[in-house]
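Structure, as structure tokens:
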There are 2 protein chains.
Amino acid sequence: MARSNRQPSRERTSRTTVYETLRQKVLTLELPPGAALSENELAASLGVSRTPVRESLILLSQEGLVQVFPQVGSFVSRVDPAKVADAQFIREAVELASLEDLPADLAPDLVQDLRANLEEQRRPDLGLEEFFALDEAFHQGLLRLSGHGNAWATVVAAKGHLDRARRLGLYENASPARFAAQHAEIFDAVLGGNAASARTAMRTHLRAVFDDVERIRARSPELFATNSQTVPVRRNVVVWE
Amino acid sequence: MARSNRQPSRERTSRTTVYETLRQKVLTLELPPGAALSENELAASLGVSRTPVRESLILLSQEGLVQVFPQVGSFVSRVDPAKVADAQFIREAVELASLEDLPADLAPDLVQDLRANLEEQRRPDLGLEEFFALDEAFHQGLLRLSGHGNAWATVVAAKGHLDRARRLGLYENASPARFAAQHAEIFDAVLGGNAASARTAMRTHLRAVFDDVERIRARSPELFATNSQTVPVRRNVVVWE
DNA sequence: CTATCAGTACTGGTATACAAGCAGCGGTCG
DNA sequence: CGACCGCTGCTTGTATACCAGTACTGATAG
């Protein structure tokens with residue numbers, strides 16, 4: 001067997017790379033909702049054994065991004081509108097609350113980072129994935145302003161379903177410019193110390209994508225969970241060679 | 001053909017029981033912060049193989065309750081004051097936000113549950129663990145009133161460090177009566193439709209334990225993480241028999 | 001033709017074997 | 001005496017073997 005580059009020195013284990021790879025593929029919809037994930041197939045394609053793959057799937061399962069049915073199969077979770085709503089509620093609660101804790105004088109370096117971030121968002125040739133990365137950094141940066149940057153990890157863990165819905169929405173109308181403008185509006189209100197309008201702008205912004213979910217659902221229902229209990233279906237194993 | 005309502009027949013796996021057992025022992029401080037967790041020892045004592053134990057430790061590690069150092073060992077995380085603060089912030093944000101979403105007419109059955117819960121909390125011979133269980137149910141019940149019951153799972157995942165600090169505090173003064181009274185106060189304000197006083201009462205309540213953390217830390221510093229980088233130390237393996 | 005029922009190939013769950021790294025002990029050599 | 005260095009026993013990481021359960025397939029009986 002070909003032995004891959006062995007370098008498990010510290011913290012960089014096979015499991016972490018497999019986990020990050022799979023998580024990214026799920027969030028970017030490269031692995032679409034409903035896709036079957038075979039531990040054996042993933043292990044073979046990633047060049048590792050079942051163990052790290054399996055442990056990654058367990059982690060993703062705890063995040064709600066993957067569903068594991070014993071003796072049946074593992075599947076990318078369909079986007080659950082209820083979970084999208086939950087994530088929306090949590091995110092709004094946390095981000096709005098952080099605006100209340102903004103200090104009188106903001107940390108200059110954090111402000112500078114946010115400014116540069118907004119500048120990047122205005123680039124006309126921005127790709128969607130680039131915009132998502134900037135968006136993530138922007139919102140985490142806002143949390144940092146009030147000293148609650150670590151809370152972002154919790155928000156991230158909860159908003160997997162929301163993120164996939166967001167991507168579905170952006171893949172359709174593909175207009176990050178509108179969100180970039182909203183970001184700038186929030187930022188200006190924060191800089192001006194106008195807490196009330198910052199709250200309003202933030203709430204408007206966070207609900208913009210959320211309101212699109214039903215529209216997307218009507219167009220691509222197969223990506224969403226049915227209200228009834230999700231049913232695992234083993235796909236036909238028809239291989240031509 | 002009607003597809004049979006397939007429910008995950010074997011949700012009860014070794015891993016889930018091991019995970020729940022370990023998590024409970026960590027939260028109740030039966031496994032105190034800093035304790036060494038050997039996968040082999042745990043497997044032997046629980047009567048299973050390393051696999052489910054290991055997978056449980058990975059899950060607990062993702063929750064921040066356990067730290068795993070490759071090739072060194074696994075340890076129960078020391079209570080991190082920063083994470084306690086993060087959990088406090090998130091919990092306060094979510095629970096206060098839910099109060100804003102309370103419907104005009106509350107669901108009668110949920111109200112009845114909460115009323116019975118509060119009645120239980122008044123029992124004079126209530127044990128600490130019983131009180132904790134009631135406390136959890138009460139707060140989740142409040143979230144349910146506003147239709148955000150599922151958000152509790154996210155709060156639970158984030159508040160592991162906070163819970164351990166709470167237990168440390170309660171083990172000392174052991175007066176759940178004060179918290180029970182605060183619960184009743186919140187509930188009365190909710191029933192009366194007085195959103196403002198409900199918010200105030202909730203905030204006061206949630207911060208009561210939090211303010212005790214520093215006092216506890218002064219008395220039992222070994223249970224808390226040092227601000228400097230935590231250093232894993234392999235304990236001496238001296239066994240007399 | 002239809003219904004039934006084994007066969008079978010797959011699934012994830014668990015147990016086990018082996019690999020690689022860290023720390024302390026104690027002998028050895030300068 | 002002191003620095004070094006391999007031995008030893010532990011740790012977690014990974015690979016693999018085996019198990020129980022499930023669903024599709026296809027032959028077979030009615």
Side-chain angles (χ1 to χ4, degrees), chain A residues 1-19 22 35-62 66-76 231-239 241, chain B residues 1-20 22 35-62 66-76 231-241:
Chain A
M1 161 180 299
R3 177 160 300 186
S4 50
N5 43 353
R6 172 168 310 284
Q7 193 174 336
S9 56
R10 192 88 172 198
E11 210 61 36
R12 261 350 256 191
T13 66
S14 290
R15 171 162 55 85
T16 59
T17 64
V18 169
Y19 168 73
L22 288 179
L37 301 173
S38 162
E39 295 182 356
N40 281 313
E41 287 180 17
L42 289 175
S45 71
L46 295 173
V48 296
S49 83
R50 266 185 65 198
T51 306
V53 171
R54 171 179 173 76
E55 291 171 350
S56 298
L57 287 183
I58 289 173
L59 287 175
L60 293 171
S61 157
Q62 188 177 247
V66 162
Q67 283 179 296
V68 179
F69 299 93
Q71 274 68 42
V72 176
S74 303
F75 307 85
V76 178
V231 182
V233 179
R234 177 171 297 183
R235 64 276 181 210
N236 284 352
V237 190
V238 183
V239 179
E241 47 184 288
Chain B
M1 137 153 195
R3 200 181 300 274
S4 61
N5 285 4
R6 168 155 317 292
Q7 215 139 350
S9 54
R10 288 200 57 77
E11 278 286 308
R12 274 340 266 193
T13 66
S14 291
R15 188 184 76 232
T16 59
T17 64
V18 168
Y19 167 73
E20 289 164 5
L22 288 180
L37 301 173
S38 164
E39 294 180 357
N40 281 313
E41 287 181 17
L42 290 175
S45 71
L46 294 174
V48 295
S49 83
R50 265 186 66 201
T51 306
V53 171
R54 171 179 172 76
E55 291 172 350
S56 298
L57 288 183
I58 289 173
L59 288 176
L60 293 170
S61 156
Q62 187 177 246
V66 162
Q67 284 178 293
V68 178
F69 299 93
Q71 276 68 40
V72 176
S74 303
F75 307 85
V76 178
V231 181
V233 179
R234 176 171 298 184
R235 62 278 182 205
N236 282 351
V237 189
V238 183
V239 178
W240 305 83
E241 49 182 282

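Numbered from 1 within each chain, the chains take letters A, B, ... in sequence-line order.
Under 3.5 Å, the side chain of Q71(A) and the base of dG12(C) form at least one donor-acceptor pair of N or O atoms. In this model, a side-chain donor or acceptor of R50(A) finds a partner on the base of dG13(C) within 3.5 Å. Contact of R15(B) with dG12(C) (side chain to base): no donor-acceptor pair of N or O atoms is detected under 3.5 Å.
Take Q62(A) and apply the side-chain hydrogen bond (donor to acceptor under 3.5 Å, both in side chains) test, not counting sequence neighbours, and it matches no residue. In this view, T17(B) and R12(B) satisfy the side-chain contact (heavy atoms from CB on, under 4.5 Å) rule, not counting sequence neighbours. For S61(A), the side-chain contact (heavy atoms from CB on, under 4.5 Å) partners are V68(A), not counting sequence neighbours. Qualifying salt bridge (charged side-chain N to carboxylate O under 4.0 Å, His left out) partners for R15(B), counting only residues two or more places apart in sequence or in other chains: E55(B).
For T51(B), whose side chain is taken as the heavy atoms from C-beta onward, the closest listed nucleotide among dA15(C), dT11(C), dT14(D) is dA15(C). Proximity note for E39(B) (side chain, C-beta onward) versus dA17(D), dA15(D), dT12(D): the nearest is dT12(D).
Residue pairs meeting the salt bridge (Lys or Arg N to Asp or Glu O under 4.0 Å) criterion with at least one member in residues 43-52 of chain A, sequence neighbours excluded, are E39(A)-R50(A).
An OP1 or OP2 oxygen of dT11(C) is reached within less than 4.0 angstrom by no side-chain nitrogen or oxygen of S74(A).
Annotation: the terminal axes of the helix from dC1(C)-dG30(D) to dG30(C)-dC1(D) meet at 30°, where each axis is the rotation carrying the C1' atoms of four end pairs onto the next four (5 pairs per end, rounded to 10°).
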